[in-house]
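Here the structure is laid out as structure tokens; the discussion comes afterwards.
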Amino acid sequence: MVGPNGNESSATYFILIGLPGLEEAQFWLAFPLCSLYLIAVLGNLTIIYIVRTEHSLHEPMYIFLCMLSGLDVLISTSSMPKMMAIFWFNSTTIQFDACLLQMFAIHSLSGMESTVLLAMAFDRYVAICHPLRHATVLTLPRVTKIGMAAVVRGVALMAPLPVFIKRLPFCRSNILSHSYCLHQDVMKLACADIHVNIIYGLIVIISAIGLDSLLISLSYLLILKTVLGLTREAQAKAFGTCVSHVCAVFIFYVPFIGLSMVHRFGKRQDSLLPVILANTYLLVPPVLNPIVYGVKTKEIRQRILRLFHVTTHTLDP
């Protein structure tokens with residue numbers, strides 16, 4: 001931003017405008033968004049509770065699902081409370097350090113989720129292509145180490161982010177075009193050379209999202225090659241164990257890639273499309289993942305029905 005003498009100055013706060021062009025409707029749009037957020041939190045916490053309390057589900061596939069659910073809760077919670085404050089109370093101001101923290105949380109948690117999705121693909125590959133080795137390859141201690149590696153990787157990839165943002169002077173505007181802080185959105189407000197930030201962003205996307213999506217695709221090509229050599233009954237069973245994960249992969253990567261493409265190649269800065277994609281990217285996966293796994297995974301579905309059946313009978317007079 002510009003100081004009193006027209007010099008460059010550091011930003012002390014930003015303004016989040018929510019949904020550009022829909023300011024008058026934001027108050028009412030907040031109600032369905034808040035409902036989706038509550039559904040996401042309740043659904044993912046239910047998955048975590050079921051996996052934690054059911055000893056028979058203490059297997060790699062369900063433990064990775066538990067990790068995915070926990071990350072979904074954290075990702076949606078990192079942005080939705082502030083978004084609701086914008087829509088309901090017009091609380092559009094966010095301090096620079098709070099914006100930086102939100103940005104770091106969103107991007108690092110996204111990197112962790114991508115790593116967990118890759119781990120889930122590896123689990124399906126070993127279970128289908130090398131079933132006799134599954135129990136020895138993916139032991140519980142090894143699964144725990146993979147979870148810890150996902151956290152370390154997500155944090156390490158985003159560790160330079162605060163440095164690259166704090167070095168930038170802001171002398172144009174402090175108005176962000178999204179409902180929360182994103183690296184792509186913040187760096188465009190800088191009045192200095194942002195090529196370092198652009199290169200850093202590309203490196204992160206290629207080394208995390210690009211590499212993970214490539215390895216996930218490779219694992220499913222190998223799975224498909226193995227499954228095609230099985231009987232029809234075995235094929236149906238194998239595909240049935242992969243459907244939920246494939247849905248989770250598409251739900252996560254499609255909005256993310258779409259958002260990245262729009263930010264890098266989109267011309268209209270006032271377009272509503274990147275804002276919709278950004279909100280979809282943070283809210284839709286946490287909402288749909290527990291629904292997909294609850295519907296498509298027999299073990300999860302049975303325990304959810306049993307849980308609500310017991311709860312209903314407990315509440316009956």
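These figures come from a predicted structure and were not determined experimentally.
Proximity of the aromatic rings of Y13 and F96 is defined here by a centroid distance below 6.0 angstrom, and this criterion is not met. Under the 6.0 Å cut-off for aromatic ring centres, Y125 and H130 qualify, their centroids lying closer than that. A ring-centre distance under 6.0 Å is found for H245 and Y220.
The OG atom of S217 sits 12.0 Å away from the CG atom of L224 when rounded to the nearest 0.5 Å. Interatomic distance, OG of S91 versus CD1 of I86, reported as 7.0 Å (0.5 Å rounding). L38 contributes atom CG, which lies 8.5 Å from atom CE of M80 (distance to the nearest 0.5 angstrom). Here the CD atom belonging to E113 is positioned 5.0 Å from the CZ atom belonging to F252, to the nearest 0.5 angstrom. To the nearest 0.5 angstrom, L19 atom CG is 4.5 Å from Q26 atom CD.
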Validation: residues 115-122 side-chain donor-acceptor distances under 3.5 Å, sequence neighbours left out:
residue : atom : partner : partner atom : Å
T115    : OG1  : G111    : O            : 3.0
T115    : OG1  : R153    : NH1          : 2.8

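The closest donor-acceptor contact from the side chain of T226 to the backbone of L222 lies under 3.5 Å. Of the possible polar contacts, none joining the N174 side chain to the I15 backbone as a donor-acceptor pair under 3.5 Å is found. Distance alone, capped at 3.5 Å, is enough to place a donor-acceptor pair between the S78 side chain and the I75 backbone.
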Would you check, one step at a time, whether the test side-chain contact (heavy atoms from CB on, under 4.5 Å) holds for M84 with Y37?
CA-CA 10 Å; M84 293 302 99; Y37 171 64; 6.0 Å; no
Pair H178-N279, side-chain hydrogen bond (donor to acceptor under 3.5 Å, both in side chains): steps then yes or no:
CA-CA 8 Å; H178 287 73; N279 292 339; over 6 Å; no
Determine, step by step, whether Y253 and S114 satisfy the side-chain hydrogen bond (donor to acceptor under 3.5 Å, both in side chains) criterion, reporting the C-alpha distance in whole Å, the side-chain angles of both residues, the deciding distance to 0.1 Å, and the verdict.
CA-CA 8 Å; Y253 283 108; S114 180; 2.7 Å; yes
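Annotation: Y49, atom OH; neighbour count of heavy atoms from other residues, nucleotides and ligands within 6.0 Å does not exceed 12. Enclosure of atom CZ in R167 by more than 12 non-hydrogen atoms of other residues, nucleotides or ligands within 6.0 angstrom is indicated. The 12-atom threshold is not exceeded at CZ of F250, counting heavy atoms of other residues, nucleotides or ligands nearer than 6.0 Å. Summarising the local packing, CZ of R52 is surrounded by 12 or fewer heavy atoms from other residues, nucleotides or ligands at distances under 6.0 Å.
Here the side chains of L211 and S207 are not in contact, with every heavy-atom distance at 4.5 Å or above. Side chains of F27 and F87 form no contact here, defined as non-hydrogen atoms less than 4.5 Å apart. When side chains are defined from C-beta on, E59 does not count as touching L138, because their heavy atoms never get closer than 4.5 Å. Looking at heavy atoms from C-beta onward, T46 lies in side-chain contact with L42 at the 4.5 angstrom threshold. Within the 4.5 Å cutoff, side-chain heavy atoms of M112 are placed close to those of V155. In this structure, the side chains of V249 and V254 stay at 4.5 Å or more apart for every pair of heavy atoms.
The minimum heavy-atom distance linking K166 with L100 is given by the pair CE-CD2, 3.6 Å.
A side-chain N or O of Y281 and one of S110 form a donor-acceptor pair less than 3.5 Å apart. Checked by atom type, the side-chain pair Y293/S69 shows no donor-acceptor distance below 3.5 Å. At a cut-off of 3.5 Å, with distance as the only test, no side-chain donor of Y62 or T297 sits close to an acceptor on the other residue. One side chain, R303 or S56, offers a donor N or O that lies under 3.5 Å from an acceptor on the other.
Tested against L282, the residues S179, S76, S79 include a single side chain to side chain contact (heavy atoms under 4.5 Å, CB included) partner, S79.
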